[in-house]
There are 2 protein chains.
Amino acid sequence: MRAISPPVGLPVLAESDLVRQVARRLTDAIVQGRLPPGAKVAEAAVARELGISRAPVREAARLLESQGLLKASPRRGFFVRELSAKDVDELYDLRLCVERHAAVEAARRLTPAMREGLRRQLDVMRELARRDDPAMIVEADYQFHRLICEAAGNARLLRLFDGLASELRIVIGLIGRLYDDSQEIARTHEPVLAAIEAGHPERIVAHVDHHIGVARREVVRLVQSLTLTP
Amino acid sequence: MRAISPPVGLPVLAESDLVRQVARRLTDAIVQGRLPPGAKVAEAAVARELGISRAPVREAARLLESQGLLKASPRRGFFVRELSAKDVDELYDLRLCVERHAAVEAARRLTPAMREGLRRQLDVMRELARRDDPAMIVEADYQFHRLICEAAGNARLLRLFDGLASELRIVIGLIGRLYDDSQEIARTHEPVLAAIEAGHPERIVAHVDHHIGVARREVVRLVQSLTLTP
DNA sequence: CAAGCTGAAAGTGTCGACAATCGACGCCTA
DNA sequence: TAGGCGTCGATTGTCGACACTTTCAGCTTG
C-alpha cells in the first residue's frame with residue numbers, strides 16, 4: 001500500500017503517449033465531419049501536421065480501424081469509413097439490442113442519483129430544443145442515452161454503446177440537424193425515462209423501440225438522400 | 001481494377017501485412033492458454049521470436065488491446081488481460097443481450113440452408129459428447145452459437161459476438177473442459193434450436209436465457225476457483 | 001481523339017537506432 | 001535489521017530511413 005500518494009483530485013497531467021491524443025484528434029475530426037466519409041487519412045500528412053513521426057499515427061489509425069471509424073486498405077492507406085444504408089441499419093439494430101438491455105437493467109438498479117441525472121439531462125434537452133440549437137441537441141441526445149447505459153452498471157456495455165455512437169456519428173456529423181422538429185426530440189425521450197422510473201420491462205422495451213425506431217428512420221432517410229445526391 | 005489477379009480460390013499466401021499475422025498468433029496463444037492472464041507480452045521478445053521488428057508487434061498489440069485481450073500499461077508494456085468474476089459476469093450479460101437478439105432475428109430469417117447448418121453442428125456436438133472430447137466440444141459449442149449470430153444477418157453483431165467469445169476464451173482456455181458432463185452440453189442446445197425452428201420469440205428468449213445462464217454459472221464458478229487458488 | 005504505356009512522385013510497410021522511463025539490485029543510514 | 005536512496009540494466013516511446021507499391025500526369029500510338 002502506498003503511503004504518501006497524492007491525497008485527492010489528481011489532475012492526470014498529459015496523457016503519456018501520443019497514440020491516444022492522435023486517436024482523439026482523428027476521432028473528433030471524423031465525427032465533426034471535417035474528415036468526410038471516404039476521405040483518405042494519409043499517415044505522413046497527419047504526422048507532419050501534428051509535428052510527430054508516423055509510428056504513433058499508424059497505431060492510432062489501427063485503433064480507429066478496430067472501432068469501425070477507419071477502413072484499412074492494404075498498401076493504400078486508411079480511409080474514413082463510408083456507411084451504406086445497410087450499415088446504418090445494422091448499427092441501429094445493435095443499438096436497439098443494447099439499449100433495450102441497458103434500459104431494463106438501468107431500471108433494476110436505478111439509484112436516486114441516476115434518476116436525478118437523467119431528469120437533469122432531459123431538462124437540458126428541453127432547454128436546447130427551446131433555443132433550437134441542433135448541434136448541441138445531438139450531443140445532449142447522445143448524453144441521455146449514454147447515461148442510461150452507464151446506469152446499467154456494465155462497463156463493457158457502455159464501451160459498446162460508445163463505439164456504436166461513434167460510428168453513427170460519421171454520418172450524423174455530416175449534417176447539423178438530425179430532426180426536423182427540435183421540440184420533438186425532447187418529447188420522444190420523456191416516455192423512455194418515465195418507463196424506466198416506472199420499472200415495467202415491457203413498457204421500457206416498447207418505448208425504447210419506438211424512440212430508436214424514429215431515430216433510425218431519420219438517419220436511414222438521411223443516408224439515402226446523401227448517397228443518392230453526392 | 002486488377003486484370004491478372006488469381007481467378008478463384010486464392011490461398012491467401014502470406015497476408016500482405018505482418019500485423020494481422022502477429023495479431024492472429026498472439027490471439028491463438030492467448031485463447032489456447034499458452035499466454036496466461038497477467039503474462040507480460042514484451043514487444044522485443046515477440047519480435048525476436050518471429051524474426052521481425054517491433055513496429056508490427058506494437059500495432060498488433062494495440063489491435064488486441066482494443067479487443068480486450070491485452071491491457072496496455074503505459075511505459076510498462078502489454079499484459080494479457082486478467083478477468084475478474086465481475087468481468088465474466090459483464091461478458092455474459094452482453095452475450096445474453098446479443099444472443100437473444102441474434103436468435104430471434106435468426107428465426108425470422110431462417111433459410112433451409114441455415115437450419116441445416118445448425119442441425120449438422122448439433123450432430124457434431126452430440127458426436128463429440130459421445131466421444132467425450134472436452135476441448136473440441138468447447139470449439140463446437142462456440143461454432144453453434146456463432147452460426148446463430150451469422151444467421152441473424154448482421155455483420156457487426158457477428159463481430160461483436162466474436163469479440164465477446166475471444167475475451168471469454170481467455171479464461172475458458174485455461175481449462176480443458178468447461179462442463180462436468182459432456183453429454184449435457186449437447187442437450188442444452190437442443191431446445192434452443194427447436195425454439196428457433198418453431199419461431200416463437202418468447203420461447204427463443206427463454207431457452208437462450210436458460211442455456212447461457214447455465215454456461216455463465218459454470219464459468220463464474222471456474223473463475224472464482226481459479227482466483228482463489230492461484 | 002481515345003486508349004494504353006511510361007516514368008516519376010508520393011505513400012505505405014518495415015526496419016534499426018536513440019532517448020526517456022521503469023523495475024530491480026545493492027548500498028547506505030538510522 | 002529494516003527502510004530509503006541511487007545506480008544499472010532492460011524495455012518502451014518515438015524517430016528517421018529505405019525498399020517496394022500504388023498513383024497519376026504526360027507521352028506515345030492506333
Side-chain angles (χ1 to χ4, degrees), chain A residues 1-6 10-26 29-30 35-66 69-82, chain B residues 1-6 10 12-26 29-30 35-36 38-66 69-82:
Chain A
M1 177 72 89
R2 275 262 150 276
I4 320 181
S5 57
L10 69 169
V12 188
L13 49 111
E15 292 179 281
S16 54
D17 56 335
L18 293 178
V19 177
R20 314 277 174 190
Q21 292 183 46
V22 176
R24 182 156 219 159
R25 292 227 191 183
L26 286 178
I30 292 170
L35 278 174
K40 180 170 175 56
V41 179
E43 303 171 7
V46 174
R48 261 197 309 274
E49 188 172 335
L50 298 179
I52 60 178
S53 86
R54 281 171 44 217
V57 177
R58 277 182 70 87
E59 294 185 32
R62 288 260 179 236
L63 218 63
L64 268 58
E65 182 201 0
S66 72
L69 290 183
L70 294 182
K71 179 163 169 41
S73 185
R75 290 276 172 204
R76 291 175 13 94
F78 292 92
F79 299 84
V80 178
R81 188 73 198 273
E82 291 183 278
Chain B
M1 177 71 91
R2 270 262 149 278
I4 320 179
S5 58
L10 68 169
V12 190
L13 49 109
E15 292 177 282
S16 55
D17 56 335
L18 295 178
V19 178
R20 314 277 174 190
Q21 292 184 45
V22 176
R24 183 156 218 159
R25 292 226 190 183
L26 286 178
I30 292 171
L35 277 174
K40 178 170 176 56
V41 179
E43 302 171 9
V46 175
R48 259 197 310 274
E49 188 170 334
L50 299 178
I52 60 178
S53 84
R54 279 171 47 216
V57 177
R58 277 181 70 86
E59 294 184 32
R62 285 267 177 231
L63 219 61
L64 268 59
E65 181 201 1
S66 72
L69 290 183
L70 294 181
K71 178 162 168 44
S73 185
R75 294 276 173 203
R76 292 175 13 91
F78 293 92
F79 300 84
V80 178
R81 187 74 197 271
E82 291 183 278

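Chain naming here is simple, since letters A, B, ... match the order of the sequence lines and numbering starts at 1 in each. Just so we're clear, the structure is a prediction, and the values are computed from it rather than from any experiment.
Residues A:L70 and A:V80 form a side-chain contact, since some pair of their non-hydrogen atoms from C-beta on lies under 4.5 Å apart. For the pair B:F79/B:R76, a side-chain contact is recorded, criterion being any heavy-atom separation below 4.5 Å from C-beta on.
Here the nucleotide nearest the side chain of A:R75, chosen from C:dG13, C:dG11, D:dT12, is C:dG13.
Atoms CZ and NZ, from B:F78 and B:K40 in turn, are 9.5 Å apart once rounded to the nearest 0.5 Å.
Atoms CZ (A:R48) and C1' (D:dC15) sit 15 Å apart, rounded to a whole Å. The distance between atom CD of B:E65 and atom C1' of D:dT12, rounded to the nearest whole Å, is 14 Å. Rounded to an integer number of Å, the gap from B:R58 CZ to C:dG16 C1' is 15 Å. Atom-to-atom, CG of A:L18 to P of C:dA20 comes out at 15 Å; the value is rounded to the nearest Å. The distance from atom CD of A:E43 to atom P of D:dT21 is 17 Å, rounded to the nearest whole Å.
In terms of phosphate contacts, B:K40 brings no side-chain nitrogen or oxygen within less than 4.0 Å of OP1 or OP2 of D:dA10.
When all heavy atoms are compared, the tightest approach of B:E59 to B:V19 is OE1-CG2, 3.7 Å.
Between B:E65 and A:R20 a salt bridge is recorded (basic side-chain N to carboxylate O distance below 4.0 Å).
Both A:R76 and A:V19 sit near DNA chain D, but only A:V19 has its closest nucleotide nearer the 5' end.
With B:R25 as the fixed residue, the side-chain contact (heavy atoms from CB on, under 4.5 Å) test singles out one of B:I30, B:V57, B:L50, B:V46: B:L50.
At a non-hydrogen distance threshold of 4.0 Å, A:R54 from residues 49-57 of chain A come into contact with DNA chain C.
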